[in-house]
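Report on one structure; see the data block that follows.
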Amino acid sequence: MDFTSSLKASIEIPTIKELQKRNIPAHVAIIMDGNGRWAKKRKLPRIAGHRAGVKVLINIVEVCVELGLKFLTVYSFSIENWQRPQEEVKGLMRLFRRAIGEQLDALSKNGVKLKLLGSEESVPPEVFKSFKDAEYKTKDNKNLTLNIAFNYGSRQEIVNAVKRICDNVKKNKLKVEELDENILSSFLYTGKIPDPDLLIRTGGELRASNFLLWQIAYTEFCFTKTLWPDFSKEQFLRAIYNYQQRNRRFGKL
Ligand code: FPP
């Protein structure tokens with residue numbers, strides 16, 4: 001069900017102050033889908049949809065800071081996305097680099113710490129460097145950690161973690177009997193970051209698309225048909241409000 005329409009129009013969205021009186025999720029993850037369709041509807045090149053998507057992301061980061069959320073993780077480029085037409089991939093790489101450069105000061109002013117989740121493999125060095133520089137420049141910021149899943153694939157993340165664990169076992173740094181969920185989690189890109197409380201996917205598809213598969217074991221889901229460039233602060237607040245009505249049982253009664 002689309003959470004944006006599941007709430008009656010007559011129900012007003014609580015203000016940020018009202019939402020803060022209830023349980024604010026510590027960590028929200030977003031699959032920002034629908035940029036291409038948004039552009040196609042307007043007879044624009046797909047990259048125009050991605051550009052519009054960056055603006056929406058900036059708004060959502062702002063509202064997360066206002067709410068006092070601690071972690072926001074966004075799916076910006078999957079390892080499968082390399083298979084898109086070269087023109088789109090190149091455009092996206094340019095866009096990431098430019099967006100990071102242009103937004104760095106504003107992010108810092110808002111106390112946002114940037115963290116890259118993903119592999120360096122195949123990434124143009126100048127793009128990887130811009131993310132790493134941004135990570136370094138924002139490392140002491142304390143308000144919100146913005147995790148950017150870039151060149152990210154969840155199955156690959158798990159395979160890499162298992163390989164590194166095996167390596168540690170071989171070198172006697174870890175015993176097989178000691179291995180548990182917490183240790184495995186610590187070898188993922190997300191490390192000590194708590195699992196997402198809420199996953200929002202825009203664009204109408206109802207799937208996980210190789211995103212945070214381990215980490216979303218007990219995450220609440222919100223799906224909306226709204227295309228990412230049309231997603232608003234108000235819809236984000238609706239998702240939070242919707243999350244606050246849920247009864248999370250973590251498999252217990
Ligand atoms: C999916 O929509 C979206 C992407 C593959 C790219 C998302 C990237 C951004 C919004 C830019 C983020 C910027 C930074 C700096 C992190 P789609 O192209 O699959 O849309 P479609 O399903 O309508 O074709």
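Counting starts at 1 for both ligands and their atoms, following the listed order. Keep in mind that this is a model prediction, so the values were computed, not measured. Residue numbers start at 1 and run along the sequence shown.
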Just do the salt bridge (charged side-chain N to carboxylate O under 4.0 Å, His left out) check on Glu205 and Arg207 with the steps written out, would you?
CA-CA 6 Å; Glu205 310 290 358; Arg207 53 179 174 251; 3.6 Å; yes

Before signing off on this row, confirm whether Trp38 and ligand 1 have an N or O atom pair separated by under 3.5 Å.
no

Asp133 with Lys129: basic N within carboxylate O range, under 4.0 Å
yes

Which residue supplies the protein heavy atom nearest to atom 4 (C) of ligand 1, what is that atom called, and how far is it?
His50 CE1, 3.8 Å

Is it true that the side chains of Arg201 and Ser209 contain a donor and an acceptor less than 3.5 Å apart?
yes

Quick one: does Gly34 get within less than 4.0 Å of ligand 1, heavy atoms only?
yes

For atom 10 (C) of ligand 1, tell me which residue out of Asp33, Leu57, Asn35 has the closest non-hydrogen atom.
Asn35

Give yes or no for whether the N/O distance cutoff of 3.5 Å, strictly under, is met between Arg37 and ligand 1.
yes

Using a 4.0 Å cutoff against the non-hydrogen atoms of Ile148, which atoms of ligand 1 qualify?
16 (C)

Under 4.0 Å from one or more heavy atoms of Val54, ligand 1 contributes atoms 11 (C), 13 (C)

Pick one of side chain, backbone, both or neither for how Arg84 approaches ligand 1, counting any non-hydrogen atom pair under 4.0 Å.
side chain

Could you tell me the residue and atom name of the protein heavy atom closest to atom 24 (O) of ligand 1, and the distance to it rounded to 0.1 Å?
Arg46 NH2, 3.0 Å

For ligand 1, is there an atom lying under 4.0 Å from some heavy atom of Phe77?
no

Give a yes or no on this: more than 12 heavy atoms of other residues, nucleotides or ligands lie within 6.0 Å of atom CG of Asp180.
yes

Checking contacts here: is it the side chain or the backbone of Glu205 that comes within 4.0 Å of ligand 1, counting heavy atoms only? Could be both or neither.
neither

Could Lys139 and Tyr136 be counted as a cation-pi pair, given that NZ or CZ must be under 6.0 Å from the ring centre and within 45° of the axis?
yes

Lys/Arg N to Asp/Glu carboxylate O, Lys21 vs Glu18, below 4.0 Å
no

Of the protein's non-hydrogen atoms, which lies at the shortest distance from atom 8 (C) of ligand 1, and what is that distance?
Ser76 O, 3.7 Å

Among all protein non-hydrogen atoms, which one is nearest to atom 12 (C) of ligand 1, and what is the separation to 0.1 Å?
Phe96 CE2, 3.9 Å

Pairing of Asp105 and Lys109 as salt bridge, 4.0 angstrom limit:
no

Can you pull out the closest protein heavy atom to atom 1 (C) of ligand 1? Residue, atom name and distance to 0.1 Å, please.
Met32 O, 3.3 Å

Salt bridge present between Glu87 and Arg46 (N-O < 4.0 angstrom):
no

Which protein non-hydrogen atom lies closest to atom 5 (C) of ligand 1, naming both residue and atom, and how far is it?
Asn81 OD1, 3.7 Å

Hey, is CD on Glu121 packed in by over 12 heavy atoms from elsewhere, all under 6.0 Å?
no

Polar side chain donor-acceptor pair, Trp214 to Asp195, under 3.5 angstrom:
no

